[in-house]
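Encoded as structure tokens, the structure appears first; notes follow it.
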Amino acid sequence: MRARPVLLHLPFACVLVPAVLVRVAAVLGYPAPMWFGDSPEYLESAIEARPGETRPAGYSVLLWLLKPFHSLTVVVSVQHLIGLLTGVLVYVLVWRAGRDVMRPWAAGVLGAALTVPVLLPAHQVALEHMLMSDTLFTFLLLAAVAAVLWRRRMTWWLGALAGVFAAGTALTRSAGLPLIAVILFAMLLRRAGWRACAGAVVAFVVPIAGYMFVFQQTYGEFAMARAGNIWLYGRTADFADCRVIKPRPELAMMCPEHTDPRISPAFASLWTKDSVFRDLPGWIYAEQSDRLAGEFAREAITEQPADYARVVVRDTLRAFEWERRPYPTPWTWLQYEFPEGASWSDEQDELAARYDPEGETRVVDPWAGFVLGYQERVVMPGTVLGLLLLGGLVGALPYARFRGRWAPLRPVRHWATGALLPWGTSLALLVIPAATADFDYRYVLPAVPFACVALALAVLPPRDAAEPAAEPAETG
């Protein structure tokens, strides 16, 4: 009889075991991490124990904590563990929500099925293997959402926990900063109480303010990063027309050029020979560059709001395409896959040696061959994410009929107090980069766990019974 509860989770074990095995193969086949353009700043920030100039240093803190091991293999192993924990947390959230409104075995099957898009696709595994912040960012944000959803009526400490995790999210990637608004809105809809909301706000603001103080001590600016406006400038480079904007003479030099149609305008305006910042002293890091970029971006959006909306919608919808395309450059999208061979530049070698003196990039067979074969076969098209979000939006509609009568507000209340938070978070993770920077395939994957949780919370039957006495409502 004692074994029966364990058997309820057997479907999830059938997903988790292969997810663990493919990650073990990835570490054995590729003992060193894959690099991206942002990786050197993260690693250098960890080595020198200082904030990064253009990106928050939350991920660098993780690298710093792992620095005593002097092993980049340990880094990728920990990141794969974080990826597994993200899948486990998705399962736990679905299981807890489903166990009281459906048969326990059915809750286990539903939870296991919804962890498949999180744990098994090859691009998820590859992203965990990169020297990048995305895996940590996703887990921290999901933990913040989990704290809000953990109980029907929140306590102050759950609110504070949600705020701490949300702060960690914002300090790991700046795109997480506005998501605290989504979390607080969901807490209000769930009638969390003022203590829980106040706890979330305080627990969010204190770490952010503390980090900004440290950043000021280092760079002289009370901010989370330098050059915050250049990303938005890159976004407007996709549509800005100076014949419409009519910028003043000093600002006219910011009118973007685009000479290579293979490269997205946002990427070209920052990193190629077309970048106007190459003519400015200090490149993108200078105060003048940031000031001019911000002013030009604001004027472009003000004068061409329809064009701005068009590119935001267009790039948001890219996330739902069936196949990946060579965007934003012919080479960027390929960096999110395991390579057949591996090599580091001299600069990467030198920086990596400061963190891991014995580390080197290499490909080890037969494990690498297994990972490459897996990568060819186990992928999740973006259309699946679109279906998950669509299901999370409309999944509660069948509950409009209750006890033989129509109750149109019932599915609205059910959705607003459950699926709204993960669904809104998932959508925000797609829209925010499209609105403030550019589309990139690595921005899509963090949205997947939230879409899976949202679908479950939408389709599960509402709990119309009274709350258990063990979870009293919070006064105030």
Report summary line: So CG of Leu93 and CG of Leu89: to nearest 0.5 Å the spacing works out to 4.5 Å

Query - Short N-O contact, Asp238 and Arg310, less than 4.0 angstrom - result: no

Query raised in the report: Do any N or O atoms from the side chain of Ser426 and from the backbone of Ala447 form a donor-acceptor pair under 3.5 angstrom?
Result: yes

Query raised in the report: Is there a donor-acceptor pair under 3.5 Å between the side chain of Ser45 and the backbone N or O of Tyr42?
Result: no

Query raised in the report: In Å, rounded to the nearest 0.5 Å, how long is the span from CG of Leu388 to CG of Leu114?
Result: 7.0 Å

Query raised in the report: Is it the case that more than 12 heavy atoms not belonging to Arg314 sit under 6.0 Å from its CZ atom?
Result: yes

Report task. Drop me the distance from Tyr91's OH to His9's NE2, to the nearest 0.5 angstrom. Result -> 4.5 Å

Report task. Over all heavy atoms of both residues, which pair between Ile180 and Ala166 is shortest? Give the atoms and the distance, please. Result -> CD1-CB, 4.0 Å

Query - Pairs touching residues 116-127 that satisfy side-chain hydrogen bond (donor to acceptor under 3.5 Å, both in side chains), sequence neighbours left out - result: His123-Glu337

Query raised in the report: side chain to side chain contact (heavy atoms under 4.5 Å, CB included) between Phe12 and Val88: does it pass, once the steps are laid out?
Result: CA-CA 9 Å; Phe12 178 56; Val88 170; 3.9 Å; yes

Query raised in the report: Any side-chain heavy atom of Pro178 within less than 4.5 Å of one from Ile432?
Result: yes

Report summary line: The single option from Arg173, Glu41, Gln79 that satisfies side-chain hydrogen bond (donor to acceptor under 3.5 Å, both in side chains) with Tyr59 is Gln79

Query raised in the report: So, Thr236 side chain and Ala300 main chain: donor-acceptor pair closer than 3.5 Å or not?
Result: no

Query raised in the report: Roughly how far, to the nearest 0.5 Å, is the CG atom of Leu149 from the CG atom of Leu142?
Result: 9.0 Å

Requested in this report: Kindly indicate, with the supporting measurements, whether the criterion side chain to side chain contact (heavy atoms under 4.5 Å, CB included) is fulfilled by Leu270 and Phe277.
Outcome: CA-CA 7 Å; Leu270 300 179; Phe277 297 105; 3.6 Å; yes

Query raised in the report: Could you walk me through whether Leu81 and Phe139 pass the side chain to side chain contact (heavy atoms under 4.5 Å, CB included) check?
Result: CA-CA 11 Å; Leu81 177 60; Phe139 175 76; over 6 Å; no

Requested in this report: Would you verify whether the NZ or CZ of Arg325 falls within 45 degrees of the ring axis of Trp333 while also being under 6.0 Å from that six-membered ring's centre?
Outcome: no

Report summary line: When Leu457, Val145, Leu189 are each screened for side chain to side chain contact (heavy atoms under 4.5 Å, CB included) with Leu421, the one that passes is Val145

Report task. Output yes when a side-chain donor or acceptor of Asp315 lies under 3.5 Å from a complementary backbone atom of Asp438, and no otherwise. Result -> no

**Report entry** More than 12 heavy atoms from other groups under 6.0 Å of CZ on Phe222
**Finding:** yes

Query - Contact check, side chains of Leu393 and Trp415, non-hydrogen atoms, under 4.5 Å - result: yes

Report task. Check whether any side-chain N or O of Thr332 sits under 3.5 Å from a backbone N or O of Pro328 as a donor-acceptor pair, and report yes or no. Result -> no

**Report entry** Contact check, side chains of Met224 and Ile208, non-hydrogen atoms, under 4.5 Å
**Finding:** yes

Query raised in the report: Between Arg190 and Arg151, is there a donor-acceptor pair closer than 3.5 Å when you use the side chain of the first and the backbone of the second?
Result: yes

**Report entry** Stepwise side chain to side chain contact (heavy atoms under 4.5 Å, CB included) test for Asp290 and Arg226
**Finding:** CA-CA 8 Å; Asp290 191 57; Arg226 276 180 166 178; over 6 Å; no

Query - Donor-acceptor pair, side chain of Glu323 and main chain of Pro381, under 3.5 angstrom - result: no

Query raised in the report: For the residue pair Trp271 and Trp283, does the interplanar ring angle fall in the parallel (under 30°), tilted (30 to 60°) or perpendicular (over 60°) class?
Result: perpendicular

Report task. Using atom types as modelled and distance alone, determine if a side-chain donor or acceptor of Ser174 lies under 3.5 Å from a backbone N or O of Ala170. Result -> no

Query raised in the report: Do Asp440 and Tyr327 have side-chain atoms, one donor and one acceptor, less than 3.5 Å apart?
Result: no

Report task. Answer yes or no: is there a donor N or O on one side and an acceptor on the other, between the side chain of Lys67 and the main chain of Ala46, under 3.5 Å? Result -> no

Report summary line: Tightest non-hydrogen contact, residues Val118 and Pro449, listed as CG2-CA, 3.8 Å

Query raised in the report: Side chains of Arg50 and Tyr219: closer than 4.5 Å at any heavy-atom pair?
Result: yes

Query raised in the report: Heavy atoms, side chains only, cut-off 4.5 Å: are Leu141 and Leu429 in contact?
Result: yes

**Report entry** Point-to-point distance, once rounded to the nearest 0.5 Å, from CG of Leu430 to CG of Leu389
**Finding:** 6.5 Å

Query - Parallel, tilted or perpendicular: rings of Phe439 and Tyr441 (30°, 60°) - result: perpendicular

Requested in this report: Using a cut-off of 6.0 Å, state whether more than 12 heavy atoms not belonging to Arg191 lie near its atom CZ.
Outcome: no

Query raised in the report: Judged by modelled atom types alone, do Arg298 and Tyr233 share a side-chain donor-acceptor pair under 3.5 Å?
Result: no

Query raised in the report: Do Leu251 and Glu299 touch side chain to side chain, with heavy atoms closer than 4.5 Å?
Result: yes

**Report entry** Flag side-chain contact, heavy atom, 4.5 Å: Asp134 against Met130
**Finding:** no

Report summary line: Value for OG (Ser39) from CG (Leu43), rounded to nearest 0.5 Å, stands at 8.0 Å

Requested in this report: Check for a donor-acceptor pair, side chain of Trp423 on one end and backbone N or O of Ala458 on the other, with a separation under 3.5 Å.
Outcome: no

Query - Carboxylate-amine/guanidinium proximity below 4.0 Å for Arg248 and Glu295 - result: yes

Query - Side-chain touch Leu110/Leu460, heavy atoms, less than 4.5 angstrom - result: yes

